[in-house]
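Please read the structure below before turning to the comments.
In what follows, every chain begins at residue 1, and chains take the letters A, B, ... in the order their sequences are listed.
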Amino acid sequence: MELMENLSEKSNQPFASRYEPKLAEKKWYQYWLEHKFFTPDLSSKKPRYCIVIPPPNITGVLHMGHALNSTLQDIIIRFKKLQGYETLWLPGTDHASIATHNQIEKRLAQQGKTRFDIGREAFLKLAWEWKEKHEQIILDQLKSIGVACDWSRTRFTMDAQLSKAVREAFVRYYEKGLIYKDYYIVNWCPRCHTAISDLEVKYKETPSKLWFIKYPLNADGKSYIVVATTRPETMLGDSAVAVNPLDERYQDLIGKTAILPLVGRELPIIAEDVVDMKFGTGAVKVTPAHDPVDFEIGKKHNLAFIKVIDEDAKITTNAPEKYQGLTTQQAREAVVKDLQNQGLLEKIEDYTHRVGTCVRCETTVEPMVSLQWFLKTQGLAKPAIEKVIDKTIKFYPERWTKVYLDWMANLKDWCISRQLWWGHRIPAFYCDGCQEIIVSREDINECVKCHSKNIRQDEDVLDTWFSSALWPFSTLGWPDETEDLKQFYPTNLLSTDPDIIFLWVARMIMSGLEFMNAVPFYQVYIHSTVLAETGERMSRSKGIGVDPVVLIEKYGADGLRFTLAYLETESQSYRFWEKKVELGRNFANKIWNAARLIAGLNQQNKIENSTTADQSGLIIDNWLLIKYNQTIEVVTNALDRFAFSVAAQHLYTFFWHELCDWYLEICKIRQKNNDLSFQPILNEVFQGCLVLLHPFMPFLTEELWHRFNYLPESIMQAQWPQPIAINYQPSAITNFETMRELIVGIRNVRAEMRIDINKKVPCLINTSNRELLNFLLNPDIQMLIYELAKVSEIKTTQTRPAQSSVIVLKDLEAYVPLTGLIDFNKEYQRIVNEIEDIDQELRRINHLLTDNNFLSKAKPQVIERERERREKLQDKLNRLKLALETLK
RNA sequence: GGGCGAUUAGCUCAGUUGGUCAGAGCGCAUGCCUCACAUGCAUGAGGUCACCUGUUCAAAUCAGGUAUCGCCCACCA
């Protein structure tokens, strides 16, 4: 394709018959940036509207989730700007502590190294290099979608200002006594070598075994208590056996002791009501150091916490020597074998249970006692719950409100420390002199208490989500009192996907209320999850799904955007594949070509003193304007409640099937008849459509806006359309609708009877509705029917002529006489042939359905299908026979 | 175990508060390269809106229940 086009020129370009997204996209994005349309004017009097982007990880490249979410946010921000708000969409990226670690460690692994081989400093250097490189990639990909982000305010969670915010927040929490350090059972990922939060653990159904182990009750080895476990290796760390206090089987054992096999430790048998009598034997081994439930039991009963698994998931020196250093898997095998040899394994049952795995690397996590930093959340949760209950913050779709509230009601303290290097290092300092812990806004070299120089900072960093939780205000300048903060906080909308409601949304609400004393946003939109064609989650590593960057390349950003919005309903998910983008691409092309036609219709200047003295033109125009007004209302209302699909579908239908299919077709005819009175209306509606479409298809609409030299200079400066005041005549509109149905009916007859495309047909109408009759006999209306349905003349009649097809409408019957139009003999023969074909098929089916062999062997559904088919064919046969009668 | 969704044409899905809602796109069939567009135009075939029972003058739309699928949460060793 050769389009010799100068990209820097805005007008006088060839108006090719196909919309070429590539020619528009770069050009207009550049143009918007140059004109600073994405940067708010802080001195304007307009109301403010602000969105902060959910910062993509610097590890990632754009995926469909980003494409969807960015599209939706961009639709809203552009919609609000057109509605007259001073808008800010603030972009940025997240350092993604653990995810980035994984990426860099993967690279190191290729060189046979771990992060511990190169040390903290070198590792951080690599991480910053990674950031420099990958941040730009993802931001550029976002730009290719067309996002109206203010890039002058781009933030990164580890920027100096944001790091200052993190530190401020930590210190304030600490000073309020909300941050503490304690031993707790955490999920430990042996691969990432850090604690991870409950939310970062995914459970997988795994077929396994349930081992029933005999714990001898005394040294003679004669009597036992049998416990069932899915993790026999952890028995090395057992410090009790627990039974339900109501369990009659074990009443006499409570308070006694059992002997731990292989180890020889004496274990108290305790009563504990969390023990389920119905599970296993009703007796459970208690391993406080390696199981969350057992941990609680251990604390309650003051049991020993015996750590037998270390940070690398290997058996520690707390276990008998022969197991030390084994992996958990090896230890399991060894323990089971030894128990078997000693006759202490009662039985093994198959059992499927859920194994916790690291959400990042899929390694099996080990519950493990360790010393971590925690944030007390109860006090923080209370106002965060209230603000949602009192609807200061609203979730869309509304059902997510309950999900949020249920979670918040059962909130546990948040483990905020991670044994990682990339991230915000915990601002706690340990003094080796006086053993004090000093938490400080500034780095310190000397103990404030004892002035010892022997101080060292905590090695850990904060959970990535700690900084994310501050994002809505840290990006606007907090803790400083900035103008941005004053003008744009609270922000208006947060749009995100369902899986980070707890990880992120809840925590932003809590910290927003804590530090800003105001909610971080008023509306939370939770969008659908984009699934692959198979219904599975898209996954690059599994090769399932599509790449939005490729789709933009092939179909254009506008086409992709429109399609995504068109599919975005309140569903929890939708399936998506490449073919679907054709919908948007084709629509973009349709708009483009409609524009070409309109440009042509405009070229001829309006003739003075239009010949349309009657109202026919007005009615058609009225019809269009009514539909247009409805469209404005529906789209505005839909976008206000984030019903993206409703808005997109309505625009699609109005533009394509009403404006193009009918109004433009009629305009062509009017133009031929020197009636150019449609021009101002067409122009106004088309211009309005461009604005309505702009949030969905920014590039195409900007391109056309310039080609039509509309004002103001950019469509981004335009105003959202308002319904046009019209002289509404309901009866005229129904008459017009009847006319449309009549035209469709005549076309239908033509197609059914295979009337030559160039042959005109007469049409006889029969109606008692005088007004309708007058309308249809109006010369201008007749002209439309002549042209659009290829009709030669319209006459009235009271009776149906022989050999004619009939069209039945609400207030009207119309007849199309077929004499002379079709070759009756030929048509007769065609129908006869068709009847013969059907007869033959019917015979086949009848034969089949009387064949006992078939009836006994075929699937019932197949037989049923054949029966249904027979019925349908019979129907068709009858109809054809009737048609044959008409032709006689 | 709890919560939340889904079940509508061959496929993917729309269907705000119950009464022109039985729809769209794709696919299919037929005819058209008609001077905006074949990424197009015209016409058509295809569905007891999962199932049962209620409420109502009226239900795809509301209530109760059943079945299947999906998502989320939860300490069943």
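Side-chain proximity of A:Asn637 to the nucleotides B:U16, B:G40, B:U39 is greatest for B:U16. Considering only side-chain atoms of A:Ser571, the nucleotide from B:C4, B:A14, B:U16 that sits closest is B:A14. The nucleotide whose nearest atom lies closest to any side-chain atom of A:Lys580 is, among B:A36, B:U43, B:U12, B:U12. Closest to the side chain of A:Trp407, from the set B:U30, B:C37, B:C73, is B:C73. The side chain of A:Lys202 has B:C73 as its nearest neighbour among B:A24, B:C73, B:C4. Proximity note for A:Val275 (side chain, C-beta onward) versus B:U39, B:A36, B:A77: the nearest is B:A77. With B:A42, B:G25, B:C76 as the choices, the nucleotide that has an atom nearest any side-chain atom of A:Arg354 turns out to be B:C76.
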Dot-bracket assigned to RNA chain B with the 3.5 Å Watson-Crick/G-U criterion, [ ] for crossing and | for other-strand pairs, is (((((((..((((.........)))).(((((.......))))).....(((((.......))))))))))))....

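A heavy-atom distance below 4.5 Å is not found between the side chains of A:Ile196 and A:Val359. With a 4.5 Å cut-off on side-chain heavy atoms, A:Leu303 and A:Pro268 count as touching. Residues A:Phe576 and A:Ser573 are not in side-chain contact: their nearest non-hydrogen atoms beyond the backbone lie 4.5 Å or more apart.
Between the CG atom of A:Asn748 and the C1' atom of B:U30 there is a distance of 12 Å, given to the nearest Å. Put simply, CG on A:Asn758 is 16 Å from P on B:G31, counting in whole angstrom units. We find that OH of A:Tyr574 is positioned 19 Å from P of B:G25, with the value rounded to whole Å. As a whole-Å value, the separation of A:Leu597 CG from B:C41 P is 13 Å. Taking atom OH of A:Tyr566 as the reference point, atom C1' of B:G15 lies 12 Å away to the nearest angstrom. For the pair A:Leu788 CG and B:A42 P, the interatomic distance rounds to 10 Å; values are reported in whole Å. When rounded to the nearest whole Å, the span between CD of A:Glu20 and P of B:C37 equals 15 Å. In this structure, the CZ atom of A:Arg747 is 12 Å from the C1' atom of B:U34, given to the nearest Å.
Taking only side-chain nitrogens and oxygens, A:Lys278 never comes nearer than 4.0 Å to OP1 or OP2 of B:C76. Neither OP1 nor OP2 of B:A14 sits under 4.0 Å from any side-chain N or O of A:Tyr652. Listed pair A:Trp662 / B:A42 fails the phosphate criterion, with no side-chain N or O lying under 4.0 Å from OP1 or OP2. A sub-4.0 Å separation between OP1 or OP2 of B:C4 and a side-chain N or O of A:Arg399 is absent. Look at A:His657 and you'll find a side-chain N or O under 4.0 angstrom from OP1 or OP2 of B:G25. At B:G5, none of the side-chain N or O atoms of A:Lys402 fall inside 4.0 Å of OP1 or OP2 (strictly under the cut-off). Contact annotation: A:Thr529 side-chain N/O to B:C72 OP1/OP2 distance is not under 4.0 Å. In this structure, A:Asn586 reaches the B:G40 phosphate: one of its side-chain N or O atoms is under 4.0 Å from OP1 or OP2. The side chain of A:Arg575 contributes an N or O atom lying less than 4.0 Å from OP1 or OP2 of B:U12. The phosphate of B:A77 (OP1 or OP2) has no side-chain N or O of A:Thr230 nearer than 4.0 angstrom. Taking 4.0 angstrom as the limit, A:Lys579 places a side-chain polar atom (N or O) nearer than this to OP1 or OP2 of B:G27. Look at A:Asn593 and you won't find any side-chain N or O under 4.0 angstrom from OP1 or OP2 of B:U39.
Within 3.5 Å, no donor on the side chain of A:Glu570 pairs with an acceptor on the base of B:A14, nor the reverse. For A:Gln572 against B:G70, a side-chain N or O and a base N or O form a donor-acceptor pair under 3.5 Å.
Within the 4.0 angstrom heavy-atom criterion, no nucleotide atom of any strand lies near A:Arg231. Residue contacts shown for A:Phe15 are absent, as no nucleic acid heavy atom lies under 4.0 Å away. As judged by a 4.0 angstrom heavy-atom cut-off over every strand, A:Trp211 is placed among residues making no nucleic acid contact. Among the heavy atoms of the strands lying under 4.0 Å from A:Leu583 are primed sugar atoms or P, OP1, OP2 only; no base atom is included. Counting any heavy atom pair closer than 4.0 Å across all strands shown, A:Phe502 reaches sugar-phosphate atoms only and no base atom. Among the heavy atoms of the strands lying under 4.0 Å from A:Val284 is at least one base atom, whether or not backbone atoms are also near. At the heavy-atom level, A:Asp499 lies nowhere under 4.0 Å from the strands shown. Residue-level contact check: A:Tyr404 touches neither bases nor backbone, having no heavy atom under 4.0 Å from any strand.
If you take atom P in B:A74 and the same atom in B:G2, they sit 16 Å apart, rounded to whole Å. A gap of 14 Å separates the C1' atoms of B:A9 and B:C21, to the nearest Å.
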* To do: Give the C-alpha distance, both sets of side-chain angles, the deciding distance and a yes or no for ring-ring contact (aromatic ring centres under 6.0 Å, His included) between A:Tyr19 and A:Trp592.
  => CA-CA 6 Å; A:Tyr19 171 55; A:Trp592 177 260; 5.4 Å; yes

Pair A:Tyr566-A:Phe587, ring-ring contact (aromatic ring centres under 6.0 Å, His included): steps then yes or no | CA-CA 11 Å; A:Tyr566 187 94; A:Phe587 186 42; 8.7 Å; no

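Ring orientation note: the planes of A:Trp407 and A:Phe502 are close to parallel, at an angle under 30° on the 30°/60° scale.
Base orientation for B:G46: syn, the chi torsion being within 90° of 0.
One finds no salt bridge joining A:Glu533 and A:Lys579 here, because no Lys/Arg side-chain nitrogen approaches an Asp/Glu carboxylate oxygen to under 4.0 Å.
Map A:Val744 and A:Trp400 each onto its nearest nucleotide of RNA chain B; the residue landing nearer the 5' end is A:Val744. A residue-by-residue look at A:Ile743 and A:Val646 shows that A:Val646 has its nearest nucleotide of RNA chain B further toward the 5' end.
Taking the salt bridge (Lys or Arg N to Asp or Glu O under 4.0 Å) definition, one finds that A:Lys402 meets it with A:Asp406, sequence neighbours left out.
For A:Phe295 and A:Tyr184, the gap between ring centers is short of 6.0 Å.
Under a cut-off of 6.0 angstrom, the local environment of NZ in A:Lys760 is crowded, with over 12 non-hydrogen atoms contributed by other residues, nucleotides or ligands.
Remark: of the listed residues A:Trp400, A:Phe644, A:Tyr396, A:Phe644 is the sole one forming a ring pair (Phe, Tyr, Trp, His ring centres under 6.0 Å) with A:Tyr525.
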